Amino acid sequence: MGDFKLTTVEEFEAATARLLETGAKVGADSWQLRVKNQTPHCKFGEQGVCCRICSMGPCRITPKAPRGICGCDVHGIVGRNYLKFTAGGAATHSDHGREICHTLYHSSADGSYKVKDPEKLTRIAKEWGIETEGKDIYDLAHEVAYEALMEYGKPFGYSRWIARAPKHTQELWENAEIAPRAIDREVSCSLHMAHMGCSSKPEALIRQSLRAGLCDGWGGSMCGTEFSDVLFGTPKPVETEANLGVMVAENVNIVVHGHDPSLSEMICEYADDPEMIAYAKSFGAKGITVSGVCCTSNEVAMRRGIPMAGNFLQQENVVLTGACEAIVVDVQCIFPALGPLSKCFHTKFITTSKIAQMPDSEFIHFTVESAAEKAKAIVKMAIENFQNRKPELVHIPDMKQKATVGYSLEAIKKVLDGVTNSQVDELGTTKPLVDCITSGVIRGAVAMVGCNNPKIRPDQAHIDLMKKLIANDIIVVASGCSAQAAAKAGLMDKAAKDLCGDGLKRVCELADIPPVLHMGSCVDISRMMNLAADLAKDSGLNISQLPLVGCAPEWMSEKAVSIGNYVVATGIDTFLGVDPYVSGSTEVDNLLKSGIREWVEAAYTVEKDIEKLVDLMIERIEEKRTALGI
Ligand code: MSK
């Protein structure tokens, strides 16, 4: 096994404890302290039985008070809350996707944003029946972007992207009346249904929850992923590093955080500019290091190899190093705590989007038109802040792992084709993966996604699950903060093949891949949907028959609920480690855990015991294999 060793959660925690000591010296608050103040959590909220959608309440359902003032029972209240939770997530991902479409619409040969993958753009245009012959690539980009923007509000028809799903899946959606229409329509319709005096029938509310999820995964998120690839390049395997040790004490450290690559791509451009590096040197720094947190980090890691400083619950840690000149954020998953925390250090907390404005931050409004100018101003501001560091507060944990990232669907097909030398079209095929699965060399695949949540020991569930899965010859594709947990631990180092069972190890060696493949950010779970669709088409099976499951063991956001709904509605059994606030209603709980199987051939499992969760996933994969006779 050589010198390779995983970094343990205990080591992560020791590093965090040391950083919190610095925090205590300067009077910093932290999520660890706030969790203590907030627990125990409200039981009504946890069960989803509190209703505050009108001002007659709030109403809370108990055995003594089984109905709200309007007469709604617990099942209606829990179902409505779940639908609103989903709509919040679908809106958020999809609005991110919309921003990317706008960026594409404004791309130009001489502007800040260019088309880096014209082949992919042309492919999507053809898929959508848009004439490509003899067209200037930017005219085509604008036309496709316009059509994509129309997907958000078109009055008739279903999402264009669902044509990528296998016929059988499309029929299931049609029959269950959950085929996603225009993206904004599904979000609005969800809020309408959950309004006082509208739906209180669990079945109707859960059906719409699935539909709202589908408009995200097979709508807004797919726009986000596909057009980010067109603009910034479709990811290919690239070497990088992960964990706080990627920050460099001698350099100006800029940390990008959030989700939209439009900002972080520009910051990376300017941080690489020789003029800026010289400017940094003039302030006594040796250079500039850009690293990332959360999904913005995944975006720039996948395309540029920019190192990943950490995931969701490490965002405060980057400031606590005392070596962060600027934490620059766009949208989503940003702790408002970063404002007051950065005031305890020299760090500039820079917000850039009107969608995520926070107190105690410097707001530099970043737009497509002003991208270059604003990115340069931000990089300069960080450089000029280097001189304000307090050396006695600087401590960067000496902890990082190597990682190979950038496994877009296109890249996965390419590496696997390289192994089998199969005769394929230019886009490749998933057939080698199908062969590995049917022959049993690989038992199956798990899509590991989602966040960190203080309810679970941070990162432990992700890492423990992945270790057991790969040891059982189950390949893992990961995205979001789950992917970063894997990278920090070392599971995206190719040397981690030695932790695999014999079959998966052989595949990793032949394909020269790590056993956990980084597929990107949270919107990039749409890549996993395309992978599942291709696997089904290439194997001649339905998605639900494939030995494939999804898992979000530490999820926390509304987006994760939306994701869960589209993954499960795509026919993939989905395993959660955190309860989605539905335990107060047996009807809603039963629907999600079994009833929806009748509509979409898959359902949820919720299990807080992580050991049991992984065993249940393996069991499910083996059941599917048995059913197929493989
Ligand atoms: S950043 S949604 S904490 S994965 Fe996408 Fe991580 Fe979850 Fe945010």
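Quantities reported herein were computed from a predicted structural model and do not represent experimental measurements. Counting convention: from 1, in listed order, for ligands and their atoms alike.
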#### Entry: Atom CD of E46: over 12 foreign heavy atoms under 6.0 Å
yes
### NZ/NE/NH1/NH2 to OD/OE distance under 4.0 Å, K402 and E239
no
### Task
Using distance alone, with no hydrogens and no angle criterion, decide if T16 and N317 have a side-chain donor and acceptor under 3.5 Å apart.
yes
### Task
Please examine the side chains of Y407 and P514, heavy atoms only from C-beta on, and report whether any two atoms are closer than 4.5 Å.
yes
## Note on the structure
Protein-derived N, O or S atoms sitting under 2.8 Å away from atom 8 (Fe) of ligand 1 total 1
#### Entry: Residues forming a side chain to side chain contact (heavy atoms under 4.5 Å, CB included) with A326, sequence neighbours excluded
V328, K348, I350, A382
### Task
Inspect the contact between K84 and E558 and indicate whether a charged nitrogen and a carboxylate oxygen are less than 4.0 angstrom apart.
no
